[in-house]
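Letters A, B, ... mirror the listed sequences (proteins, then strands); counts begin at 1.
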Amino acid sequence: MSENHLAIANVPIQQWGELYTPEEALNAGTVFQDLNMPFFATESVMGTTNPIANDTGSLGASREQQDREQLMTKINQISFFLDDLTLYLDTHEKDAKALKLYHEKSQECAELKKQFAQKFYPLTKLCVLHCEKGETGFCLQDGPMPWEGACV
Amino acid sequence: MWIYEKRLQYPVKITKTCPKTAQLIISQYGGPDGELSASMRYLSQRYSMPIKEVGGLLTDIGTEELAHMEIICAMVYQLTKNLTIEQAKTAGFDAYYIDHTTALWPQAAAGLPFTAIEFQSKGDAITDLTEDLAAEQKARTVYDNLLRMIEDPEVREPLKFLRTREIVHFQRFGEALEKTKDKLDSNNFYYFNPEFDKNMFHGKL
């Protein structure tokens, strides 16, 4: 690690520390407890459950939509866990704990996306091959557009 | 090459139409410190970065910023998709409505269009990484300001998420700067331009 020098910015290298669970991490915006630094103006509403990023599903939604939202929420959580770990590994490429976790979560994520394509619709081009109606019609545009807020 | 994934990085489900809020947060789409600007900054700077891992980090953060742009756009879209003309008039959204109806167009809160003049790609690793550190702080301040003004929890949750990402990215750019400094002479980091005068590394990159 670099020591301090004059006339240049200095940011200490992050050390591996306590992590959030994938559920907590998506709510907090980071996997790393050390990097969660909330703004005071958001403190008053802290402690309440996030109305969006939980797995309770929408009230009054059909069973299928509830199942779909539950699986989508899991995918969002695991994928975000990987997003944040990726950036950590970009600057800590030899960190054994981070690497092990990255491999575990990657497998879990791939499995969940496969399930999602089999049960509902493909999330990427690469998921099309897991899609049931793959041979009778093109399924890539199935399902709601992500910005509609229909499948959270 | 990029692969599109048909989901938002952080879910957005806003049930209450509010053109006023849309007009404020659209700044994080096309404003001076917005996500589009952030993405284009990092994805432009990466090509000439002397240290491969730093170019890789710029790719990954630049890609994540595209996902953040999509989150902001989803918020603006949901805040205005059921807009009535009356609401547009009373919220001061009428000028935007005239030019774009309820479509998405990258502009700042004050109406200035998105422009590449908002960011730099300077061709010097220290200069660019220092700009990136500042960019993350500027975006954090915008999220702070939005969080002071907006009360709807359905809007606040994604904004809080995005604000934390600015802090995480700042940390990573700081680490990238340290990596760059490690390859330079600490007695004078400014003896040569690490992006242009690559022969000065004498093959040690």
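Residues F161(B) and N27(A) form no side-chain contact, since every pair of their non-hydrogen atoms from C-beta on lies 4.5 Å or further apart. Two residues are said to be in side-chain contact when any heavy atoms from C-beta on lie closer than 4.5 Å; L35(A) and T164(B) fail this criterion.
The shortest heavy-atom contact between A9(A) and L133(B) is CB-CD1, 4.3 Å.
Using a 4.0 Å cut-off between a side-chain N of Lys or Arg and a carboxylate O of Asp or Glu, E5(B) and K125(A) do not qualify as a salt bridge. Ion pairing between a basic and an acidic side chain is recognised when a charged N comes within 4.0 Å of a carboxylate O; E69(A) and K13(B) show such pairing.
Contacts between R7(B) and chain A at a heavy-atom distance below 4.5 Å involve backbone atoms as well as side-chain atoms. Residue T130(B) does not touch chain A at all, counting heavy-atom pairs closer than 4.5 Å. Using a 4.5 Å cut-off between heavy atoms, I3(B) contacts chain A through its side chain alone, with no backbone atom that close. The parts of F39(A) that come within reach of chain B are both its backbone and its side chain, each placing non-hydrogen atoms under 4.5 angstrom from that chain. Residue contact with chain A, scored on non-hydrogen atoms closer than 4.5 Å, involves the backbone and the side chain of Y4(B) alike. Interface remark: L140(A) contributes backbone atoms only to the contact with chain B (heavy atom separation under 4.5 Å). For chain B, no part of D34(A) is nearby; none of its heavy atoms comes within less than 4.5 Å. At a 4.5 Å heavy-atom cutoff, the contact between Y190(B) and chain A is made by side-chain atoms alone.
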Just do the side-chain contact (heavy atoms from CB on, under 4.5 Å) check on K6(B) and T124(A) with the steps written out, would you?
-> CA-CA 6 Å; K6(B) 217 160 54 177; T124(A) 73; over 6 Å; no

Given the rule in the side-chain contact (heavy atoms from CB on, under 4.5 Å) test, do H92(A) and E175(B) qualify, once you have shown the distances and angles that lead to the verdict?
-> CA-CA 9 Å; H92(A) 303 72; E175(B) 288 162 350; 3.3 Å; yes

Check step by step if side-chain contact (heavy atoms from CB on, under 4.5 Å) holds for I126(B) and I8(A).
-> CA-CA 9 Å; I126(B) 293 176; I8(A) 196 156; 3.9 Å; yes

Are R172(B) and Y88(A) close enough, and set up right, to give a side-chain contact (heavy atoms from CB on, under 4.5 Å), and what steps lead you there?
-> CA-CA 7 Å; R172(B) 299 294 165 246; Y88(A) 179 87; 3.6 Å; yes

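Counted by atom type alone, N76(A) and Q9(B) present zero donor-acceptor pairs between their side chains at under 3.5 Å. Inspection of the R165(B) and T30(A) side chains reveals no N or O donor paired with an N or O acceptor under 3.5 Å.
Scored by the side chain to side chain contact (heavy atoms under 4.5 Å, CB included) test, K97(A) finds W16(A), D95(A) as partners (sequence neighbours excluded).
Checked by atom type and distance alone, the side chain of E64(B) never pairs as donor or acceptor with a backbone atom of D83(A) at under 3.5 Å. K160(B) places no side-chain N or O within 3.5 Å of a backbone atom of P38(A) that could act as its donor or acceptor partner. Looking at K181(B), its side chain never comes within 3.5 Å of a backbone N or O of H5(A) through a donor-acceptor pair. With hydrogens and angles ignored, the 3.5 Å screen pairs a side-chain donor or acceptor of E178(B) with a backbone N or O of V11(A).
In terms of heavy-atom pairs under 4.5 Å with chain A, the best-connected choice from V168(B), D144(B), I167(B) is D144(B).
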